[in-house]
Structures are given as C-alpha cells and as structure tokens.
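Quick notes on the structure that follows.
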Protein chains: 2
Amino acid sequence: MRELDDTDLEILELLTADARRPYKEIADHVGLTPPAVSDRISRLEEQGIIQGFTIDVDREKLRGDTPVLVELEPKPDAVDDVYAAAADLDGVEELFEGMDGRVIVHATVPDASVRSWLESRLDLADLTGYDGTLLARSDRIVGLSADGFSLECIVCGKTITDDGVTATVDGEIKAFCCPSCEKRYLSRYESHRDALE
Amino acid sequence: MRELDDTDLEILELLTADARRPYKEIADHVGLTPPAVSDRISRLEEQGIIQGFTIDVDREKLRGDTPVLVELEPKPDAVDDVYAAAADLDGVEELFEGMDGRVIVHATVPDASVRSWLESRLDLADLTGYDGTLLARSDRIVGLSADGFSLECIVCGKTITDDGVTATVDGEIKAFCCPSCEKRYLSRYESHRDALE
DNA sequence: GATGAAACTTGGGCACG
DNA sequence: CGTGCCCAAGTTTCATC
C-alpha cells in the first residue's frame, strides 16, 4: 500500500476543517491540480483513512438535552452485550471500550435519570456498577498536527516524514526518520545503559 | 427561531451518514425538491445545529498509534489551564470536561508512555492525578433517533428550549426551562432534604 | 490539462396559514 | 402578508479522458 506523505496529511486537515472545500482550493494549497487531489482523496477513502464524509451536529442544541459521560462496569462475561446494548441507547454519540472491560458512553440524554435511560436498553444486572458525569463542555479537535515534538531524526538529523518510526526509551518518546536510524540509536543506548549498570 | 421538524431531523441523519449525498437524493427521501433541501441545510447551519462539514478520519490507521482515554484530575484552580493544555496535546481527538472538574481526553498517542506524552504540553503539578486506559475499540454512532421523553420543565410545565438549564439532584438529572425555575426547584429540594436529615 | 456531465445556486411565481 | 415550496435557467464544480 502506498505510504502517506505530507500532502496527504495536508489534504486530510483541510477536509477535516471543511469537507465542502472545492478541490481547486485544496489543489492550490498543496500545489497540485484538482484531478490529482481527487485521486488522492479516492485513494484515502479506499485505504480506509477517510472513513466517510459527515457533518458535525450540535446535539445539545438539537434538543434541550444534557451531555453526559457514563462509565459502565460490565460483568466480565457481559462486556459485548453491554457494548452492543449501549450502542442502541437514545442519543449516544460515541462508545469506548477499555482494555479493562469498562464501557464509556458519550451521549446527550433526555431530561431523565441516567438510570432509567440505561434501563431502556440494557439489563442493569449485567453491570457491577455505573457512574454518570454531566459534561461542562467538550470539544472535537480538528487538525492532525502530527508535528508536536522534534521533527528531526535524532540520529541523522533528517526531517521525519510519515515513514518515520518512534520508540519509547526510558519513558521518553524518541522519533527517527527510518527503522535503521532507530536500530542504530537503540543499540547505542543499550550499550550506554549497560555501561552504567 | 424556527422549530425543527421531522424533515430536518431526517436531513440531519442522511447527512450524518453521508454528507456527500446529492440534494436530489435527500429531496426524494423527504419529499421535497433540491432547492428546498438546500434552504433547510443553510438554515441548520445558521442555527448552529450543523456545525460544519467534515470527514471521519481513522487516526489509528493514520499512524501506528494507540487509542487511549486519559482521565485527568486537575487541581480546582487549574481546570481551565489543564483543559487548554490538553487540547494542544498531539493526537487529541476529543476533550470532555465534567461538572466535577475532571478532564477526559480521547486521543491516539504515539507509542510511548502516557506520562511523557502528557508532560509534553501540561504541567503535572496542576494535577492531583491521572489515569490512562487503552481502548479495545470505539465507535461513533450515526443516527439521531430523537424524541424520547418529557421535554417539559418540571417546575412550570413549559416546553424546554435551548435556553433551558439542567442540574443534578441526588443523582437524577433535572431539566428546567430557565435558571429561575432551577433556583426555585433547588431551594425547595434543599429545604426538603434538610427536613429529612 | 481539457471536455462533458452533473450538481448547486439563483430568481420568479404560487399556495398556504 | 409572510413563510415555505416548486420550477427553470445560469453557473460552478466534479470526474473522465
């Protein structure tokens, strides 16, 4: 599969901010022609990077509802059932399942108790407990800003592209432009640490 | 402001599922013509119900990152700082702030410790604690399947609009048409509870 | 890069409350 | 009389070559 380059990332950012932008406008930003942009977007869709075109709906404004985050603690053998049932709850926007089996639901619930809302779809006997928190605010972050840290390979100094790799060394994130630089660094680090110990 | 009708909801659902659908297709679904659909969508944008057109990006696929949910417990006077700093973290998709002051971050973090990732943007001294959970899976739910329960203020019986407010009373979410109804209810509740204790 | 096809927007007119 | 919708033409945008 073709690797992503900076142009792809830029296109993704532009579309995330406004998916209705004309291809011409995107093309000008990234220095391509509209058909080339079209090709890339099609490819990103095929690769599953772009999962779809959609709208951001302010569900709170939609009705007089209350945004909440509900944490469900399913019994160990009921995790899948709880997850599936929670997906059917009225007003659910997002679902998360943690590695620890917890299911977290982001929803706007009608003016009612969380308990009766939960009971409308799932069996509370499947839970060992639950906890709801009203949300004061929430934001979706646009921008993929892959550049947070150093963007230069600490081994060879080259700018790190999407081909780059990262490793955790002693709790620190290290970024490298390529696997070979990573390997070189790690071996040096190992010998250094061995010398200390 | 014009009230939303079922046709608006249907349009929102169709756009949520696929925002690139031609207006003609939407028009056929809801029994209107394309210009009428266009008008409604424009109005929904003006009302802020539609916050924008965007794409769903599979950020996990984008890089080899790990999806996590991190719960931050800011010190009481640092909630805003923590929230703002968390928004700058690399790979953040969503942010939630609970009424209890907790800040929950949904992100895909580079292959590294959560701790060092947090430290890249925020001062851990602002926190009394934090907790990260790796995510086994997550889903965004399409479909607004609205109209559930009562939408009436429990104090005055008036229909609750966007001016409405909510409060949590004894684990129950209560909704009011206005702050004064809320205040009235809360004072009644307080005296009631005091009487019981 | 250019062309054909399709979609969106605009303006005028009508029906309904 | 205002709101919302339909119809038709003009213009931009998109996809294919």
Side-chain angles (χ1 to χ4, degrees), chain A residues 1-59 61-64 142-144, chain B residues 1-58 61-62 142-147 151-152 158-163:
Chain A
M1 188 192 297
R2 190 181 184 290
E3 283 295 314
L4 274 64
D5 59 19
D6 289 342
T7 303
D8 289 320
L9 279 180
E10 208 168 336
I11 291 173
L12 287 175
E13 284 194 38
L14 290 167
L15 287 178
T16 302
D18 178 9
R20 283 196 150 181
R21 225 180 280 272
Y23 287 1
K24 169 101 172 65
E25 191 181 325
I26 300 173
D28 289 342
H29 270 282
V30 301
L32 291 177
T33 57
V37 172
S38 175
D39 288 345
R40 280 177 183 257
I41 292 177
S42 300
R43 179 169 51 75
L44 289 168
E45 283 190 78
E46 283 167 15
Q47 289 177 324
I49 310 273
I50 295 178
Q51 300 194 300
F53 291 74
T54 181
I55 54 174
D56 271 348
V57 176
D58 186 338
R59 303 191 188 214
K61 204 169 277 179
L62 195 55
R63 303 180 290 175
V142 299
L144 308 166
Chain B
M1 188 191 296
R2 190 184 184 287
E3 285 295 316
L4 274 64
D5 59 18
D6 290 342
T7 303
D8 290 320
L9 282 180
E10 207 170 336
I11 291 173
L12 287 174
E13 284 195 36
L14 290 168
L15 287 178
T16 302
D18 178 11
R20 281 198 152 182
R21 226 181 279 271
Y23 286 0
K24 170 98 173 66
E25 191 180 324
I26 300 172
D28 289 342
H29 270 282
V30 301
L32 291 176
T33 57
V37 172
S38 175
D39 286 347
R40 280 176 181 257
I41 292 176
S42 299
R43 181 170 49 74
L44 289 168
E45 285 189 75
E46 282 167 15
Q47 289 177 322
I49 310 272
I50 294 178
Q51 300 194 302
F53 291 75
T54 181
I55 54 174
D56 271 347
V57 175
D58 187 337
K61 203 171 277 178
L62 195 56
V142 299
L144 307 165
S145 64
D147 41 44
L151 279 169
E152 295 170 356
K158 231 178 62 179
T159 301
I160 296 172
T161 66
D162 300 300
D163 303 323

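Every chain is numbered from 1 and lettered A, B, ... according to where its sequence line falls, protein lines coming before strand lines. From a predicted model like this one, the values you see are computed outputs, not experimental measurements.
The shortest non-hydrogen separation linking B:R21 to B:I26 is CD-CG1, 3.9 Å.
Using a 4.0 Å cutoff to heavy atoms of chain A, the contacted part of DNA chain C runs 5' to 3' from C:dG1 to C:dA2.
Between the B:S42 side chain and the B:S38 main chain, a donor and an acceptor come within less than 3.5 Å of each other.
Note that CD1 of A:I55 and OG1 of B:T16 are 4.0 Å apart. Values are rounded to the nearest 0.5 Å. In this structure, NE2 on B:H29 lies 11.5 Å from CD on B:E13, to the nearest 0.5 angstrom.
Which of D:dT16, D:dA8, D:dT13 sits closest to the side chain of A:P22 comes down to D:dT13.
One atom, CG of A:D39, and another, C1' of D:dA15, lie 9 Å apart when rounded to the nearest Å. Protein atom CZ of A:R21 is 17 Å distant from nucleotide atom C1' of D:dC14, rounded to whole Å. Remark: P of D:dG4 and CG of B:L44 are 12 Å apart, rounded to the nearest angstrom. Atom CZ in B:R43 sits about 19 Å away from atom P in D:dG2, given to the nearest Å. Residue B:Y23 contributes atom OH, which lies 16 Å from atom C1' of D:dC5 at whole-angstrom precision. To the nearest angstrom, P of D:dT13 lies 15 Å from CD1 of A:I41. In this entry the distance linking NZ of A:K24 with P of D:dA15 reads 16 Å, nearest Å.
Between A:K24 and A:D28 a salt bridge is recorded (basic side-chain N to carboxylate O distance below 4.0 Å). Ion pair B:R40/B:D5 flagged as a salt bridge, since at least one NZ, NE, NH1 or NH2 atom sits closer than 4.0 Å to an Asp/Glu carboxylate oxygen.
Counting non-hydrogen atoms under 4.0 angstrom, A:P34 reaches nothing in the nucleic acid.
Take the nearest nucleotide of DNA chain C for A:P35 and for A:R20: the residue whose nucleotide is more 5' is A:P35.
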